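A short worksheet on the structure shown next.
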Amino acid sequence: MTYKTQALVAAALMTFAMSSQAADPIKIGVSGPYTGGSAPMGASMRDGVKLAVAEINAQGGLLGRQVQLIERDDEAKNERGVQIAQELINKEKVVATVGFINTGVALASQRFYQEAKIPVINNVATGSVITKQFEKDKDNYVFRTSASDQIQAKMIADEAVDKQKYTKVAILADSTNYGQLGREDLEKVLASKKVTPVAIEKYNIKDVDMTAQLLKSKQGGAQVVLTYGIGPELAQIANGMEKLNWHVPIIGSWPLSMGNFIDNSGKNGNGARMPQTFIQDGNTPKRKAFIEAYQKAYKVDRMPSAVSAAQGYDSILLLAAAIKQANSTDGEKVRAALENLNTKVEGVVTTYDKPFTHDDHEAIKPGAVVMGEVKNGRVVLGK
């Protein structure tokens, strides 16, 4: 083989390698619980993410490449979330990950993304500390598109104390990181309003009898029950109150909107109120299209967790905008672009106009959250 032939072969091989590399998909991780009590949130989030990616790929992908989702079920277990984070980063070579439903899983897992300088967008987990876990570092790779517990706790307390004028409140919170951190936020807001709960009760995941906690709350004279929990246990609270013939309102954090609360509590869940970033109501063209696409793709009428689906969808739109702006999948460049997005992004939760800065990684501000209410098997806008 002559020198000239060798050079031509080498050039051809290099061209082939470069074209192959250009055609490689952009891998994005999707981590959440798709089995167990948190599954309605995890599956809805994942399905919202898939809709957004399908739209992007249909329009040609990102940077001339298709987007490939790498889905992993963390089972709402901290140790499983840690394993998945390392696998997605080291084996799958994802350029970013979206997801995390459970605050505990997020706090245990996202440090690996921080160390690897790979952006991670929490699109459902709400613990107030999540985006502050690495705030002392020079750069923070943890972002969020869900309403933090600081926002929600204030809304719950405002609704109960300021709007409804209740002076005696009880708090029932589950024993997870989510429930206990949320309870702390709620107690702080109540204290600022000079309201001391007549009862503060804890319950565990999979508990089926809340009689003891509810009796203490009732005997304390509670006029309202404030909840911070996930999963079907919330329905046990509503059903337990009915068994005790104790009819006071339930106001709590956003998972009161989940299908497994609504279905398992039946009529006992009517009137429960909770902060919502998204209600399944096609009141804008974007929302209408999103709801119809979800219903068609997944053969459902009511989303199991509309909030999770919408926030998952929006998290991909924001990530895609950052990758386009950075013209790169490099983690540091994508983070910098997220912190200074120069175009508005129309999502289904809201239209994002510079949602993040270097020091503020919370896309959802208080004005984007409304109060929802359970009414006859659906969540509607609270009045």
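In this text, all values refer to a predicted model and were calculated from it rather than measured experimentally. The analysis underlying the following values was restricted to heavy atoms, covering all of them including side chains, and did not include hydrogens, waters or symmetry mates.
In summary, D162 and K193 engage in a salt bridge, as defined by a charged side-chain N under 4.0 Å from a carboxylate O. Between R65 and D24 there is no salt bridge, since no side-chain N of the basic residue sits under 4.0 Å from a carboxylate O of the acidic one. The pair D209-K243 does not meet the salt-bridge criterion, since no charged nitrogen lies less than 4.0 angstrom from a carboxylate oxygen. Salt-bridge formation is detected for the pair E187/R183: a Lys NZ or Arg NE/NH1/NH2 atom is positioned less than 4.0 Å from an Asp or Glu carboxylate oxygen. Comment: E292 does not engage K296 in a salt bridge, judged by the lack of any side-chain N to carboxylate O separation of less than 4.0 angstrom. Taking a cutoff of 4.0 Å between a charged side-chain nitrogen and a carboxylate oxygen, R111 and D137 do not qualify as a salt bridge.
Within a 6.0 Å sphere centred on NZ of K286, heavy atoms belonging to other residues, nucleotides or ligands number more than 12. In this structure, K365 places its NZ atom where more than 12 heavy-atom neighbours from other residues, nucleotides or ligands lie under 6.0 Å away.
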Please set out all donor-acceptor pairs under 3.5 angstrom arising from side-chain atoms of residues 372-381, sequence neighbours excluded.
{"unit_1": "E373", "atom_1": "OE1", "unit_2": "R273", "atom_2": "NH1", "d": "2.5"}
{"unit_1": "R378", "atom_1": "NH1", "unit_2": "D301", "atom_2": "OD2", "d": "3.0"}

Name the atoms and distances for all side-chain donor-acceptor pairs under 3.5 Å in residues 346-355, with sequence neighbours left out.
{"unit_1": "Y352", "atom_1": "OH", "unit_2": "D314", "atom_2": "OD2", "d": "2.6"}
{"unit_1": "K354", "atom_1": "NZ", "unit_2": "L341", "atom_2": "O", "d": "3.1"}

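Taken to the nearest 0.5 Å, the OG1 atom of T126 stands 10.5 Å off from the CD1 atom of I101. Rounding to the nearest 0.5 Å gives a distance of 7.0 Å between CG of L234 and OG of S253. Remark: M241 CE to K218 NZ distance equals 10.0 Å, nearest 0.5 Å. Here F143 contributes atom CZ and D360 contributes atom CG; the two are 10.0 Å apart, rounded to the nearest 0.5 Å.
D73 and T35 form a side-chain donor-acceptor contact under 3.5 Å, judged by distance and modelled atom types alone. If you check the side chains of S128 and D185, you find a donor sitting under 3.5 Å from an acceptor. A donor-acceptor pair shorter than 3.5 Å cannot be found between the side chains of E135 and H361.
Each side chain to side chain donor-acceptor pair (under 3.5 Å) pair with one or both residues in residues 92-104, not counting sequence neighbours, appears once here: K27-E92, S38-N102, R72-E92, T97-Y113.
Nearest heavy atoms, Y294 versus P304: OH-CD, 3.8 Å.
For the pair D207 (side chain) and N204 (backbone), a donor-acceptor distance under 3.5 Å is present.
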List the steps, then state whether salt bridge (charged side-chain N to carboxylate O under 4.0 Å, His left out) holds for K77 with E79. CA-CA 6 Å; K77 296 177 180 176; E79 64 276 12; 5.4 Å; no
side-chain hydrogen bond (donor to acceptor under 3.5 Å, both in side chains) assessment of Q83 paired with D74: CA-CA 9 Å; Q83 292 171 350; D74 64 33; over 6 Å; no
